[in-house]
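Here the structure is laid out as structure tokens; the discussion comes afterwards.
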Amino acid sequence: MAQTPSIPKGTRDFSPVEMVRRNYIFDHIKSVFNKYGYLPIETPAMENLSTLLGKYGEEGDKLLFKILNSGDFLAGVNDDELKEKKSAAIQSKISEKGLRYDLTVPFARFVVQHRNDLVFPFKRYQIQPVWRADKPQKGRYREFYQCDVDVIGSPSLLNEVELIKIIDEVFGLLKMNVVIKLNNRKILAGIAETVGAADKMIDITVAIDKLDKIGIDKVVVELKEKGLSDEAIEKLKPILFLKGESAEKLCKLRTILEGSETGIKGISEIKTVYDFINGLNLKTKVELDLTLARGLNYYTGAIFEVKALDAEIGSVCGGGRYDDLTGIFGMPDVSGVGVSFGADRIYDVLLQLNAFPTETLNTTKILFVNFGDKEAAYCLNLLEKIRAAGINAELYPDAAKMKKQMGYADSRKIPFVAMIGENEMNENKISLKNMVTGEQKPVDLTTLLSILQME
RNA sequence: GUGGAUGUAGCUCAGUCGGUUAGAGCAUCAGAUUGUGGUUCUGAGGGUCGGCGGUUCGAGCCCGCUCUUCCACCCCA
């Protein structure tokens, strides 16, 4: 063999076993989405770059995969630009399409484009791969699936509550222990306002997000670097060290943020959500986490993040409310909220915890041994009847040696093998072998069907 | 984007101080067994030692560059 072929960095092949497991995740997620009245959509893998650029911040733009224009892509580039290797200037001329980076922005585009055909509030789900030109590492891929649920066109906090319920139900079905972390961008804005650095909200949230990891001293250093005054930092400190249960924290926070209208609004939003979910029978803990920031800057209200409790991995689900995502596409004042399940990370967690059900790969119930053309033709008739009864069955395609055909059944873990040679054909019988017990006996078709259906 | 590690058969990995023809287990294929799998025994195939260049009489081993994979940071699902 020449060189073994390979696939691009950060991408993966999925074997049949892996696909069975992935479908196990997708099927459960879909069933919950459907149950709450969400409808499926799909959008193309590639979007116009104008749709994608500028929506994910500067970092995000760098992580977009760009698609080279077809045909003579250098035609519009002038010699000077080429000679000076001005990548940025040339890029916009040679590439006008890119692979989608998430499902939310394409969804916003979809909503604006089809607004006249949609009924609002529009509840949709979308399960498709997305691509990021990130450096791959543990739990991070360049091609991965997101499972998005969003409701757009309704400002009601009942939607937040519904999403929390959906998260609770999905992870309940998958038997995964998780904690839902909840925060609100308005509170973060209120904090920034209160300490007198309203314009530094993002910097403040990113820094306090690291509090657990790097400790207060380094956070202070980082905030100073970002240009926050000592005075502001002193005001911020008591907020960072708020202790207690979520309700208690909220109460204290309300006093601190008194002067900020936005902050108070954020608190009352969170409180409303809590009041609703307290009446529900949630298995998952919903924790108020003031350090939860989330990078995407289009969030304006609630933000969610779900962490697996029994595995060291980043978040397995995240999302939030965005008040004006469609505004950038010319449709202002439409509020939406949604979350995204990271199927690949959920997969990694379940695998690590050995939490996949076992009997998932027995796709074929019975294999017919091939003894030659005459016998095979006879088997084909039987197969038709067996399959009509809803049983997965196959005939070995070649009249290979018995050892080979039995070995095939064995390694495919097919539980039954049917052997029909000249004798069986004459007697109108099927020699049925149970591959688990090794037991073998001649049966007629009716008996065979009832044995297979019992399993 | 920054820093660290890694790469030998399809897979997991040995390979001494730089020294003859690079090994093992698993997997694959064939035979023992022409209508019976798993277990066993015998045999076979399979290598650009990640790639390119350098040092050397001689490189899987030393040096440089590059790519891959993994880990940390940044960020993120």
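Labels below follow one simple rule: chain letters A, B, ... track the order of the sequence lines, proteins then strands, and each chain is numbered from 1.
Residue A/Lys401 places no side-chain N or O under 4.0 Å from the OP1 or OP2 atom of B/U34. Proximity of A/Gln137 to the phosphate of B/A72: a side-chain N or O atom is located under 4.0 Å from OP1 or OP2.
Across all strands shown, A/Gly438 has heavy atoms under 4.0 Å from base atoms, whether or not it also approaches the sugar-phosphate. When heavy atoms are screened at a 4.0 angstrom cut-off, A/Gly407 is found touching the sugar-phosphate backbone but no base atom. Residue A/Val417 is out of contact with every strand shown, counting any heavy-atom pair closer than 4.0 Å. Contacts of A/Tyr145 with the nucleic acid, taken as non-hydrogen atoms under 4.0 Å apart, are absent. Among the heavy atoms of the strands, none lies under 4.0 Å from A/Gly372. Across all strands shown, A/Gln440 has heavy atoms under 4.0 Å from base atoms, whether or not it also approaches the sugar-phosphate. Base contact: A/Lys135 has a heavy atom under 4.0 Å from a base atom. A/Glu424 comes within 4.0 angstrom of a nucleotide base, judged by non-hydrogen atoms across all strands.
For an aromatic pair to be called close, the ring centres must be under 6.0 Å apart, and A/Phe171 with A/Phe341 satisfies this.
Side-chain atoms of A/Arg345 and base atoms of B/C76 include a donor and an acceptor less than 3.5 Å apart. A/Arg132 contributes no side-chain N or O that forms a donor-acceptor pair with the base of B/C76 under 3.5 Å.
By the 5.5 Å and 30° criteria, A/Phe341 is not stacked with the base of B/A77.
Listed nucleotides B/G35, B/U68, B/G37 differ in distance to A/Asp410; the shortest reach to its side chain belongs to B/G37. The side chain of A/Lys433 approaches B/U36 more closely than any other nucleotide in the set B/G35, B/A72, B/U36. Closest to the side chain of A/Ser315, from the set B/G35, B/U69, B/A77, is B/A77.
Counting heavy atoms from C-beta outward, A/Phe368 and A/Leu380 have side chains that stay 4.5 Å or more apart. Between A/Asp150 and A/Tyr322, some side-chain heavy-atom pair lies under the 4.5 Å cut-off.
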